[in-house]
Protein chains: 2
Amino acid sequence: MRRTKEDAAETARQILQAAESLFLEKGYEKVSLEEIAVAVGVTRGAIHWHFKNKQGLLLAIRDRGKEPYRKLAAELSNNTAVSVLTKINDIVSELFERLENDPRQRGLIRCMMRLDISLTESDGICGATFRRELHQTFIQIFSAVEEEVRLTAPWHAESAASVFSATIVGLLSDWALEHSTVRLSPDGQALVKMILSGLISETCCQKNSRPED
Amino acid sequence: MRRTKEDAAETARQILQAAESLFLEKGYEKVSLEEIAVAVGVTRGAIHWHFKNKQGLLLAIRDRGKEPYRKLAAELSNNTAVSVLTKINDIVSELFERLENDPRQRGLIRCMMRLDISLTESDGICGATFRRELHQTFIQIFSAVEEEVRLTAPWHAESAASVFSATIVGLLSDWALEHSTVRLSPDGQALVKMILSGLISETCCQKNSRPED
DNA sequence: AGCATCTTCCTTGGTTCGTCTCATGAATGA
DNA sequence: TCATTCATGAGACGAACCAAGGAAGATGCT
């Protein structure tokens with residue numbers, strides 16, 4: 001039956017692929033494992049060998065789809081000389097445009113949303129939800145921001161990160177769930193820009209204005 | 001067994017009540033209809049007589065929990081003389097405070113989120129999701145706004161309503177799903193205020209600055 | 001290299017659990 | 001009286017999950 005170790009990885013990949021398209025096409029709970037199995041050409045047991053259970057499939061699909069956001073985190077963590085405000089803005093804008101142009105991403109985000117709800121309901125710990133990871137990322141970012149520039153009025157790093165990540169997730173979920181109400185590309189970008197300029201007092205971003213120089 | 005018509009309504013109410021607490025306590029998919037039935041003291045058949053299916057329970061729970069938002073829509077629709085900006089702001093702020101002080105609301109919002117995902121996945125029409133209704137409300141609001149005051153820069157009624165409702169839903173879902181990251185009461189309110197003042201050019205809102213007086 | 005053995009990968013069959021249906025019946029309300 | 005409403009209980013059906021087995025690569029030993 002099986003020929004090589006790579007063959008096994010290939011069937012796992014095929015299972016994941018079939019699951020993703022079927023989930024996107026028919027909805028998670030309308031798809032049975034049997035259906036996925038016959039789509040690939042294996043039996044149910046094969047799925048349970050490679051993945052723990054049906055939710056494990058969802059987890060794996062999500063992990064495959066996390067690269068765009070890891071990229072976001074990576075690009076934000078390495079400090080460059082440009083203003084932090086415009087930097088965050090650019091990264092998020094680019095992310096939004098990439099999502100708009102990749103139809104697969106909508107299904108992936110739907111998977112993440114469903115998984116987030118299931119994880120928070122089942123695990124009391126609710127570790128590693130999508131929103132939580134995004135939130136952690138932004139806490140780091142805004143903590144770094146707080147040292148360089150000043151956050152306006154009542155904001156501090158954590159509250160700013162909270163509302164900012166909530167906004168991002170709100171935009172993404174609305175875009176993923178509703179058919180064509182929110183447009184990430186012009187509208188979401190503009191909103192992000194507005195919020196950022198509201199959170200960060202831009203005048204402090206000038207490097208050469210620091211007194212100890 | 002059954003005594004009167006009111007008794008029947010009472011058991012339906014009890015079923016709904018038990019379902020809501022169990023869903024909140026253990027998570028939707030971990031709760032079986034059998035469990036709900038014995039909690040009330042009936043059998044599964046009784047649940048299926050009053051509600052179409054398990055998702056019907058969720059729908060009914062959501063409908064019971066929609067009053068706060070209907071109230072929001074109602075208060076926003078009747079025009080008072082105050083500035084539209086401050087009016088929206090006040091209503092949303094009051095909503096946020098009410099939610100923060102009512103622990104039941106978190107579970108209800110979780111129900112709405114789960115239902116929204118299921119509805120968009122199963123029904124192609126995805127009619128009457130929570131986010132869609134909220135979006136519709138804000139479209140009306142901002143359309144009315146557009147006639148009185150001016151929306152800033154690139155915004156028009158629909159795009160403003162889209163991003164605004166997305167933000168609200170983002171805040172609500174984050175608050176409902178994560179344990180204590182987002183605080184609606186000071187942080188969410190401040191964000192809403194910031195966004196509103198960014199969307200609406202406030203200078204036009206002064207009633208007494210109009211030339212025809 | 002060649003054999004034995006282990007491990008990996010997958011099938012088959014079966015168990016369990018949950019939703020939903022249906023036939024039945026009791027009490028009510030007209 | 002008698003149809004309707006409310007509810008029971010058994011059972012059909014489907015789907016997730018489990019366990020034993022087996023076949024073929026992978027691994028170790030000489």
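Every chain is numbered from 1 and lettered A, B, ... according to where its sequence line falls, protein lines coming before strand lines. Nothing here was measured: the structure is a model prediction, and the numbers come from that model.
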(message) Short of 4.0 Å, heavy atom to strand atom, which residues of residues 30-50 of chain A count as contacting DNA chain C?
(response) A/Val42, A/Thr43, A/Arg44, A/Gly45, A/Ala46, A/Trp49, A/His50
(request) Specify the residue among B/Glu6 and B/Lys52 whose closest nucleotide of DNA chain C lies further upstream toward the 5′ end. (result) B/Lys52
(request) Identify whether the distance between the nearest side-chain nitrogen and carboxylate oxygen of A/Asp90 and A/Lys87 falls below 4.0 Å. (result) no
(message) How many whole angstroms separate atom CG of A/Asn53 from atom P of D/dA15?
(response) 17 Å
(request) Tell me, yes or no, whether the heavy-atom count around A/Glu34 atom CD, taken from other residues, nucleotides or ligands under 6.0 Å, exceeds 12. (result) yes
(message) Using whole Å, what does the distance between atom C1' of nucleotide C/dT19 and atom CD of A/Glu29 come to?
(response) 13 Å
(message) Less than 4.0 angstrom from a charged side-chain N to a carboxylate O is my criterion; do A/Lys71 and A/Glu67 meet it?
(response) no
(request) Decide if atom CD of B/Glu158 counts as having more than 12 heavy atoms of other residues, nucleotides or ligands within a radius under 6.0 Å. (result) no
(request) Could you tell me whether the phosphate oxygens of D/dA16, OP1 or OP2, come under 4.0 Å of any side-chain nitrogen or oxygen in A/Lys54? (result) yes
(message) Rounded to whole Å, how long is the line connecting atom CD of A/Gln55 with atom P of D/dC17?
(response) 9 Å
(message) Whole angstroms only, please: what is the OH-C1' distance between A/Tyr28 and D/dA16?
(response) 10 Å
(request) Using side chain to side chain contact (heavy atoms under 4.5 Å, CB included) as the criterion, list what pairs up with A/Ala39, not counting sequence neighbours. (result) A/Ala18, A/Leu22
(request) Could you tell me whether the phosphate oxygens of D/dC6, OP1 or OP2, come under 4.0 Å of any side-chain nitrogen or oxygen in B/Thr11? (result) no
(request) Rounded to the nearest angstrom, tell me the gap between atom CZ in B/Phe23 and atom C1' in C/dG18. (result) 13 Å
(message) Rounded to whole Å, how long is the line connecting atom CZ of A/Phe51 with atom P of D/dC17?
(response) 14 Å
(request) Could you state the atom-to-atom distance from CG of A/Asp7 to C1' of D/dA24 in whole Å? (result) 11 Å
(message) For A/Ala60, give me all partners under side chain to side chain contact (heavy atoms under 4.5 Å, CB included), at least two apart in sequence or on another chain.
(response) A/Leu16, A/Phe51
